Protein chains: 2
Amino acid sequence: MSRTAATRERLFTAAIELIAERGFATTTVDQIAERAGVAKGTVYYNFGSKAALFSALLEYGIERFAQTLREAADGREPMAALEAVVGAELRFIGEHESFARLLIAEAWRSRGDWQYAAQLIRERAIGVIGDVLRAAVAGGRLRPDLDVDMAASAVFGMVLTVALDWRTLQPDRDVTEVHATLMDLLRGRLVT
Amino acid sequence: MSRTAATRERLFTAAIELIAERGFATTTVDQIAERAGVAKGTVYYNFGSKAALFSALLEYGIERFAQTLREAADGREPMAALEAVVGAELRFIGEHESFARLLIAEAWRSRGDWQYAAQLIRERAIGVIGDVLRAAVAGGRLRPDLDVDMAASAVFGMVLTVALDWRTLQPDRDVTEVHATLMDLLRGRLVT
DNA sequence: AAATTTGTACTGACCGGTCAGTTTAAAGAG
DNA sequence: CTCTTTAAACTGACCGGTCAGTACAAATTT
């Protein structure tokens, strides 16, 4: 990894943590530079502005998120793929809790400079779930009249909410338990 | 309604809209005052600080949210109550979209002054769903080993995400359709 | 019933701190 | 020699909070 890439990585990590804790607007560039162990000028040398840093960070994070989900689905039968994708989302959030909080906080605004973030998540991350559901419908495993896009966003939001509650309230609980409950819910195994 | 109550109401409305659009930190007190049609000093006369205004607004909104859900559940059989609560959450978000966006954006921070907001939502709003699910389990309509708290937060998050997507992407679509899809999902009617 | 006082709600110019972004000169790395 | 980073000082716009003063209606006094 080049020196530049390493510097950027450290700035990303520092910025994600701080912004998740305090929000974009109340996080100062001085704080980001300090936590990254870098001079303030370096931030501007590498990114040009606070907003540009955040923008790059969002795209980078969402791309990695979507990539993780895609790999989980790859090569699996539809219903197994859904299970794997839910597990991957859960694990990703567990490992990148700060990023998840940042996403949820900045992505669902009505105006502002980051509503494109919501669009990005929809296209990339939720899109993967949609593809899996579409395959399941095509394979006759799910109702043919299913509103795939709505269901995808429902699954994504459900997992996101539960994952954040899990990390907040019972961080020691095992992922597999959370995963199992979620899958039971999705498979309609709750109703007796 | 007293003059004071009217002024506070207008400040609430203005603040909710602006904060949902731009976030708490980037919304200025001058903007709130201007949109409410009062002087800046009036904000401080009535609430003491920007944070106190936001705090009052959160409690007010969450209480009304929870109240709506509670009334929907009241007097209904468990599964009918669940259906009614989901419908009520959907309708509340449709009617108070700004407030919902504000909630999702500010309530899931890790630190900061509003993590108590997440706690408030959990205790009040999600709590109602939890009570309904508990009743359903007690009545033998849902699996006895169901993790009620996790399921409640899953339902809440799922509805919240879908509702916001609905308002953003297809605002003209009828609530009942969205509601039906959501209930099918919850009842496990998707798997063939 | 006119004059005065009191309490409450509101006003908006102003102050002081904060912070994004700039500048500069010099040092380290590939 | 060029690219990257550093450290520190500086600028200027912006914004939360303050406060002396206004508006006005109800109570109290004369």
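Lettering follows sequence order; numbering is per chain, from 1. These numbers come from a predicted model, not from an experiment.
Rounded to an integer number of Å, the gap from Arg8(B) CZ to dA9(C) P is 9 Å. Whole-Å rounding puts the Lys40(A) NZ to dA9(D) P distance at 13 Å. Atom CG in Leu53(B) sits roughly 11 Å away from atom P in dG17(D) (whole-Å rounding). dG17(D) atom C1' lies 19 Å from atom CZ of Phe54(B), rounded to whole Å. Look at CG on Asp30(B): it is 14 Å from P on dC14(C), rounded to the nearest Å. Gln31(A) has its CD atom 8 Å from the P atom of dA20(C), to the nearest Å.
Set against dG12(C), dG28(C), dG16(D), the side chain of Ala39(B) has dG12(C) as its closest nucleotide. Of the candidates dT6(D), dG16(D), dT11(C), dG16(D) carries the atom nearest the Thr28(B) side chain, counting heavy atoms from C-beta on. Checking dG21(C), dG12(C), dC3(D) against the side-chain heavy atoms of Tyr44(A) singles out dG21(C) as nearest. Of the candidate nucleotides dG17(D), dT11(C), dT4(D), dT4(D) has the atom nearest to the side chain of Thr4(A).
The pair Arg76(B)-Glu83(B) fails the salt-bridge criterion, with no side-chain N (NZ, NE, NH1 or NH2) lying under 4.0 Å from an Asp/Glu carboxylate O. With respect to the salt-bridge test (charged N to carboxylate O, under 4.0 angstrom), the residues Arg35(A) and Glu21(A) qualify. Salt bridge Asp131(A)/Arg70(A): absent, no basic N to carboxylate O contact under 4.0 Å.
By the 30° and 60° cut-offs, the orientation of the rings of Phe92(A) relative to Phe99(A) is perpendicular.
Contact check, Thr7(B) against dC10(C): a side-chain N or O comes under 4.0 Å of OP1 or OP2. Side-chain N/O atoms of Tyr45(A) include one lying less than 4.0 angstrom from OP1 or OP2 on dT4(D). Using a 4.0 Å cut-off, no side-chain N or O of Asn46(B) falls inside it from OP1 or OP2 of dT8(C).
As judged by a 4.0 angstrom heavy-atom cut-off over every strand, Thr42(B) is placed among the base-contacting residues. Within the nucleic acid shown, Thr26(B) has no heavy atom closer than 4.0 Å to any nucleic acid atom. Contacts of Lys50(A) with the nucleic acid, taken as non-hydrogen atoms under 4.0 Å apart, involve only primed sugar atoms and P, OP1 or OP2. If you check every strand for non-hydrogen atoms under 4.0 Å, Thr27(A) touches sugar and phosphate atoms only.
Heavy-atom nearest nucleotides on DNA chain C were determined for Ala51(A) and for Val38(B), and the one closer to the 5' end corresponds to Val38(B).
Crowding of Glu177(B) atom CD: a count of heavy atoms from other residues, nucleotides or ligands under 6.0 Å exceeding 12.
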